[in-house]
*Asks:* 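I have a structure here, written as structure tokens, and I will follow up with some questions on it.
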There are 2 protein chains.
Amino acid sequence: MEGSITRRRLEPAARREEIIRAATAYFAEVGFGGPTRDLARRAGVTQALLYKYFASKAELREAVFERVYLGRIAPHWLDELRDRTVPIRARLCRFYAQYTRAIFTYEWMRIFMWAGLDGDALNRRYLEHVSALLLAPMREEITAAAEGRWAPGMEDLWNLHGGIVYLGIRRHIYHLPVPEDVTPVIEAAVDRFLGPLS
Amino acid sequence: MEGSITRRRLEPAARREEIIRAATAYFAEVGFGGPTRDLARRAGVTQALLYKYFASKAELREAVFERVYLGRIAPHWLDELRDRTVPIRARLCRFYAQYTRAIFTYEWMRIFMWAGLDGDALNRRYLEHVSALLLAPMREEITAAAEGRWAPGMEDLWNLHGGIVYLGIRRHIYHLPVPEDVTPVIEAAVDRFLGPLS
DNA sequence: ACTCTTGTTGATCGAATGATCACCGAGCCC
DNA sequence: GGGCTCGGTGATCATTCGATCAACAAGAGT
């Protein structure tokens, strides 16, 4: 009666990746305070095995962070934001369509929020990145497009950004119903933001 | 050598209130997973005493929720939102000035977020309250003020709301620098939202 | 088919956690 | 000022936690 629970041997790299994958989903759901035993069960391995691949729970947490944060911001977004052959409205709409597609996932939204509450430094680093490499250029482009008629402040851009990000928060943090396709909501927000420029 | 640590007797009601006060600050900071021993130390009492006033940690958590949620939304806000003798712009600005003054506190913002991640049902109830009793009336008033020229959808109002609430998230969850006085930011957001109506 | 490597496990340790209980003593009453 | 009430404490229990270790066995090499 050897059950279907066969103990399979995986290559270290593959197993490590599998654990990180499971840990990402697990921590996203219950937070970093969740016990390693539950995590191990969901990963389909023993709790002891976790410590063959990660020296401590904190190290596993770091690995999850690395996996989640790395490459979340695509470099070409900035190039496209700065492409003045395209109308400013289209650039902003396109950017936020791509950006929300990248971050509006259960795992990213929740891990980012858990880490934020925990006071993790990576959060602030990420958001300073957003500010300097995305919002500030957007501000420049809008100012240029306005041709002297208007120059938004950084707080205005944070306001635009927050209004859109809040969609993901409602959806994945608060579990509230949110439109499946956020594109029209984003377009309306961009239109209101640009006003006469749109 | 009787140290300054004098064991004072308090009336049950006062002690209970004191514990809830300390628990609110403590849970806001570290989340509901924080050990009761640390909480007791910060409350200036023994860990055992907590269980004289609350049968379990979950019950203490509920008491904190009740204290934090209760009376957070002032009924007269709705009346003021509906007072059509006042211009719509002034009504919205005034409301969000009051609303942010009420919820932009370290404790409210963080406990609300911890509870949201924990999937607490009170969060959704609160936000449905916001939707039905604040955003929906705002939508009606704006529609009336527009006199047929514009009728915003609920998602538009969530967008306005989220952009403003995100100020508090940046401040108290992510510990990012945010303007001390949020009034001008709110006014700018309301102006952009109302557009020509403003 | 046999062996050897090493990915994987079950058992277990010490510390920390939520919760309990017998006992102490501050402060009011007479 | 002696006694009584009950708010408060120290000690402790049963669990659960992160982490460790000797031992097992899957699977490649020969």
Side-chain angles (χ1 to χ4, degrees), chain A residues 1-65 111 114-115 118 120, chain B residues 1-65 111 114-115 118 120:
Chain A
M1 278 290 257
E2 184 80 1
S4 57
I5 313 154
T6 44
R7 184 166 49 173
R8 288 186 319 178
R9 281 168 80 97
L10 255 61
E11 284 201 8
R15 178 65 77 191
R16 184 186 159 90
E17 204 58 30
E18 181 58 28
I19 291 175
I20 295 178
R21 222 177 54 81
T24 304
Y26 178 69
F27 287 146
E29 186 174 331
V30 306
F32 301 105
T36 54
R37 278 168 178 81
D38 290 354
L39 161 58
R41 195 180 314 123
R42 304 222 327 202
V45 297
T46 333
Q47 184 238 7
L49 191 65
L50 301 178
Y51 290 87
K52 297 288 179 183
Y53 291 91
F54 305 94
S56 67
K57 191 183 181 184
E59 197 176 280
L60 172 55
R61 173 190 162 128
E62 286 307 312
V64 167
F65 276 2
I111 284 192
W114 286 116
D118 277 359
D120 198 285
Chain B
M1 282 289 258
E2 183 80 0
S4 59
I5 313 154
T6 44
R7 187 165 49 175
R8 289 185 318 178
R9 282 168 78 100
L10 256 62
E11 286 200 6
R15 178 66 74 189
R16 184 186 161 90
E17 204 58 31
E18 181 58 28
I19 291 175
I20 295 178
R21 221 177 53 83
T24 304
Y26 178 70
F27 287 147
E29 187 175 331
V30 305
F32 300 105
T36 55
R37 279 167 179 80
D38 290 354
L39 162 58
R41 195 181 313 123
R42 304 224 327 204
V45 297
T46 334
Q47 185 238 6
L49 191 65
L50 300 178
Y51 291 88
K52 297 284 180 184
Y53 291 91
F54 305 94
S56 66
K57 192 183 181 183
E59 197 177 280
L60 172 53
R61 173 189 163 128
E62 286 307 312
V64 167
F65 277 2
I111 283 191
W114 286 116
D118 277 359
D120 199 286

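Just so it is clear, the model here is predicted, and its values are computed rather than measured.
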*Asks:* Please state whether the phosphate of D/dG8, meaning OP1 or OP2, lies under 4.0 angstrom from any side-chain nitrogen or oxygen of B/R15.
*Replies:*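 Result: yes.
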*Asks:* Quick one: are A/E29 and A/R42 in side-chain contact, heavy atoms under 4.5 Å?
*Replies:*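 Heavy-atom side-chain distance check passes, below 4.5 Å.
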*Asks:* Would you kindly give the CG-to-P distance between A/L50 and C/dT9, to the nearest whole Å?
*Replies:* 10 Å
*Asks:* How long is the line joining OH of A/Y53 and P of C/dT6, in whole Å?
*Replies:*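 Atom-to-atom, A/Y53 to C/dT6, this comes out as 12 Å.
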*Asks:* When the distance from CD1 of A/I19 to P of C/dG7 is rounded to whole Å, what number comes out?
*Replies:* 12 Å
*Asks:* Would you mind reading off the distance between A/L49 atom CG and D/dA26 atom P, rounded to a whole angstrom?
*Replies:*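 That distance rounds to 15 Å.
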*Asks:* Return yes if some donor-acceptor pair links the side-chain N/O of B/Y53 with the main-chain N/O of B/I20 below 3.5 Å, else return no.
*Replies:*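 Not a single qualifying donor-acceptor pair exists.
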*Asks:* In whole angstroms, how far is the P atom of C/dC28 from the CG atom of B/L10?
*Replies:*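 In whole Å, C/dC28 P lies 12 Å from B/L10 CG.
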*Asks:* What distance separates B/L50 CG from B/R37 CZ, expressed to the nearest 0.5 Å?
*Replies:*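 Nearest 0.5 Å value for the CG-CZ distance: 10.0 Å.
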*Asks:* Which heavy-atom pair separates B/L39 from B/A23 by the least distance, and what is that distance?
*Replies:* CD1-CA, 3.4 Å
*Asks:* Students often mix this up, so state it plainly: with edges at 30° and 60°, are the rings of A/F65 and A/F32 parallel, tilted or perpendicular?
*Replies:*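 Perpendicular, since the angle between the ring planes exceeds 60°.
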*Asks:* Show the distances under 3.5 angstrom between N or O atoms of the protein and N or O atoms of nucleotides 18-22 of chain C.
*Replies:*
residue	atom	partner	partner atom	Å
C/dG18	OP1	B/K57	NZ	2.7
C/dG18	OP2	B/T36	N	2.8
C/dG18	OP2	B/T36	OG1	2.8
C/dG18	N7	B/R37	NH1	3.0
C/dG18	O6	B/R37	NH2	3.0
C/dA19	OP2	B/Y51	OH	2.7
C/dA19	OP2	B/K57	N	2.8
C/dA19	N7	B/Q47	NE2	3.0
C/dA19	N6	B/R37	NH2	3.3
C/dA19	N6	B/Q47	OE1	2.9

*Asks:* Using whole Å, report how far CZ of B/R9 lies from C1' of C/dG25.
*Replies:*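 The answer, rounded to whole Å, is 8 Å.
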*Asks:* Under 3.5 Å, is there a donor-acceptor pair between the side chain of B/E59 and the main chain of B/A55?
*Replies:* yes
